[in-house]
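Structure, as structure tokens:
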Protein chains: 2
Amino acid sequence: MPDEPDVKLIDVARKAGCSPATVSRVLNHNAKVNTATREKVLQAAMDLAYVPNGSARSLRSTKSRLAGAVIPTLDHAIYATMVNSLQARLTENGVSLIINTSSYDIDREYEQVRLLVERGVESVVLVGAAHRRETIALLEQRNIAYVFTYTAKPTDIGAAVGFDNEKAGRLAARHLIDLGHTRIAMLGGITINNDRAVSRRDGFVAELRDNNLAPLGILETPYQADGGHAGMKRLMLADTPPTAVICASDIAAAGALKYCRQNDIAVPGTVSVLGFDNLDIGELTTPELTTIDVPAGEMGRIAADYLLAPAAQRQHMRIRELPLRLVVRGSTAALLR
Amino acid sequence: MPDEPDVKLIDVARKAGCSPATVSRVLNHNAKVNTATREKVLQAAMDLAYVPNGSARSLRSTKSRLAGAVIPTLDHAIYATMVNSLQARLTENGVSLIINTSSYDIDREYEQVRLLVERGVESVVLVGAAHRRETIALLEQRNIAYVFTYTAKPTDIGAAVGFDNEKAGRLAARHLIDLGHTRIAMLGGITINNDRAVSRRDGFVAELRDNNLAPLGILETPYQADGGHAGMKRLMLADTPPTAVICASDIAAAGALKYCRQNDIAVPGTVSVLGFDNLDIGELTTPELTTIDVPAGEMGRIAADYLLAPAAQRQHMRIRELPLRLVVRGSTAALLR
DNA sequence: CTGTTAGCGCATTCAG
DNA sequence: CTGAATGCGCTAACAG
């Protein structure tokens, strides 16, 4: 099946016996076109298996129906889930999504955004509130809509949909304090270039301080089971081991749990473990994980709605703080005396 | 910062004191250009923060540097991981990736592919070997490179990178047979529109038959923990419960494990449980999961390499069957008599 | 309601 | 090595 010369709009016009403009009208903004000719055009397009040329279309109309997302990685469910719903919502509205990953590196993020701009995206989804000046400047200058996710902290100009990471850190600490713990450690995320991890840590520390407590230790660990495992080991072998540990993610928490199981450390008897994200895995470990729910899917959906909204309406949608929810399961318990 | 009128190639030319053609040459195929003027052009482009217009570029050159992927969902690590490495490899080579999801529906898949064609993608990644005729015809007709993943079964014309799903089914069965099991059930994936689940089931049944065994039951379950939980329940409450169960994925297997734990059914003492995919979660359950490794990341990388290769070379890369690996951990054991 | 005209921004001929 | 000219396929004005 050799490639027949691509059929274009003008071929459809010829076959339908009308002008290219009319074909364009039928295929697009549905401006008033006689029903009879409309049918003929549609028929002709069908017969010829016509597929419009998006490049030509964008070039002429300066509308690309393209959006971009730059996320740290797709290899973590919390981002994959967000992108999944973002993509679904955008596609429902005829917008295609280009995805790029930054590996948590804001310089790479900038490069990727540049690429997206080059591709002609009309909107961009970013993660977090910390970005290079150039990134934002570029977006502003090209008049591209953008929104930050996983944060509720917009810049002067940017919008945000997500949650307050500091509150998240406080919420976690609060839960453990309420259970009577005083020796609380954190197995936090890597804070370099990750403003969300920073805020959560700060919130955690602040909440302890407000209760005249100090963290027993703050370790940073990648969002992986191994990291949680190794971190828990360090924590539990210390002179003064914690009675409660806040983990950067459910994955890390599951790794921490594994360390405890392997070493006959009772959870939550000896040490309480708190996860973060509310991933599926939290219900599959033994004990099941107490965690903080991150509404990833909803974030994707809302981000899409924001970007799809007419520019005028966007003003009123600039901050969308989603509620944080503590999910209490079996891995945390009151401190035994 | 109001939107200054977008700077275009001709502006760069003016600023650099040369013709647009020269600027184009500098920015692209690096055809011989005097080093001095090249520098001036680069400088001017920098100063003006010039970003080329991709649409115009593609329209003129008929090269879009765009690829597309249509996968069932991003909400399952096995696909997200593949896409993650696919994207990384493509980006390294200046190709952007548009992602669409089909929800395991080949009619939707066709729609998405059409959209991708419209966007001008030069190559497409699909999952599995079962697709609508129209999908393949469209790709062939437009001369778009495409590759199937998670399968080693190419069509007459399409390429494939993945593994033999029937072998996977057989491998799973083999492991349990070797352990002395005869009452073996399957908690398989939904087979509608999923040729891979079909093949794995067929391989499973075939291997049993080759050993004069018949499956004790085959249930279909979505790739979720709940499904595994519910399926395991049905299986274990049957008149003749199995002594070994093959699950569609590690997620389902983890759900099955949970059911057993809740009901004091010993794993692997009373029943062995075999997972599939080798996700992180497999090392975090109790017991840890015996599973079959699916090289998702490698698939993405290889698929990218295939699509990036010059058309001539692709002929020699059409099938790439990756090895399947049984990962034995604690959830399977020899049958006790 | 429909056709005609004129580019969108760029890469590619073809001459110099 | 460089410039001038010519559309890529389509849609937005403007007439009719």
Side-chain angles (χ1 to χ4, degrees), chain A residues 3-42 44-45 48-66 94 117-122 142-143, chain B residues 3-42 44-45 48-66 94 117-122 142-143:
Chain A
D3 25 351
E4 311 143 32
D6 279 1
V7 22
K8 29 199 184 181
L9 185 141
I10 195 159
D11 299 319
V12 177
R14 261 196 281 275
K15 174 134 188 174
C18 67
S19 79
T22 299
V23 176
S24 174
R25 280 189 273 257
V26 171
L27 268 36
N28 292 286
H29 39 70
N30 277 18
K32 335 283 180 181
V33 171
N34 180 357
T35 318
T37 51
R38 139 170 283 119
E39 289 308 321
K40 276 208 300 206
V41 168
L42 257 18
L48 297 174
Y50 171 67
V51 178
N53 179 319
S55 300
R57 228 214 275 256
S58 328
L59 180 57
R60 185 57 241 244
S61 66
T62 62
K63 284 156 146 275
S64 64
R65 312 248 69 193
L66 232 41
V117 172
E118 201 163 317
R119 300 305 191 195
V121 300
E122 296 174 301
R142 310 294 285 214
N143 211 8
Chain B
D3 25 352
E4 311 142 32
D6 280 0
V7 23
K8 30 200 183 181
L9 186 139
I10 194 159
D11 300 318
V12 177
R14 261 197 281 275
K15 174 137 190 171
C18 66
S19 77
T22 299
V23 176
S24 175
R25 280 189 274 258
V26 171
L27 268 36
N28 293 286
H29 40 71
N30 277 17
K32 337 282 178 181
V33 171
N34 180 358
T35 318
T37 51
R38 138 170 284 117
E39 290 307 322
K40 276 208 299 204
V41 168
L42 259 17
L48 298 174
Y50 170 66
V51 178
N53 179 320
S55 300
R57 231 216 270 259
S58 332
L59 180 58
R60 184 60 240 250
S61 68
T62 63
K63 284 157 147 275
S64 65
R65 312 248 67 193
L66 232 42
V117 172
E118 202 164 313
R119 300 302 191 196
V121 300
E122 296 174 304
R142 310 293 286 215
N143 212 10

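First the proteins, then the strands, lettered A, B, ... as listed; each starts at 1. From a predicted model like this one, the values you see are computed outputs, not experimental measurements.
- Legend: residues meeting salt bridge (Lys or Arg N to Asp or Glu O under 4.0 Å) with A:R119, ordered by chain and number and at least two apart, are absent.
- Here A:T37 lies in heavy-atom contact (under 4.0 Å) with sugar-phosphate atoms only.
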Nucleic acid footprint by protein, nucleotides 6-16 of chain D - heavy-atom cut-off 4.0 Å, B for base, S for sugar-phosphate alone: BBBBBBBB---

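- Counting heavy atoms from C-beta outward, A:L9 and A:P52 have side chains that stay 4.5 Å or more apart.
- In this structure, A:T22 and A:N34 have side chains that are not in contact, with every pair of non-hydrogen atoms separated by 4.5 Å or more.
- Not one side-chain nitrogen or oxygen of B:T22 sits closer than 4.0 Å to the OP1 or OP2 atom of D:dT2.
- Summary for the helix from C:dC1-D:dG16 to C:dG16-D:dC1: the axes at its two ends, each from 5 pairs, differ by 30° when rounded to the nearest 10 degrees.
- Under the 4.5 Å side-chain criterion, counting only non-hydrogen atoms from C-beta, B:V26 is not in contact with B:T37.
- Across the protein-nucleic acid pair, B:R14 atom CZ and D:dG3 atom P stand 14 Å apart, rounded to whole Å.
- Scanning for side chain to side chain contact (heavy atoms under 4.5 Å, CB included) contacts around A:L48 gives A:V7, A:D11, A:V12, A:K15, with sequence neighbours left out.
- Nearest heavy-atom pair, A:A13 versus A:V23, reported as atom, atom and distance to 0.1 Å: CA-CG2, 3.5 Å.
- In this structure B:S58 satisfies the side-chain hydrogen bond (donor to acceptor under 3.5 Å, both in side chains) test with no other residue, sequence neighbours excluded.
- When the salt bridge (Lys or Arg N to Asp or Glu O under 4.0 Å) test is applied to B:E118, the partners found at least two apart in sequence or on another chain are A:R57.
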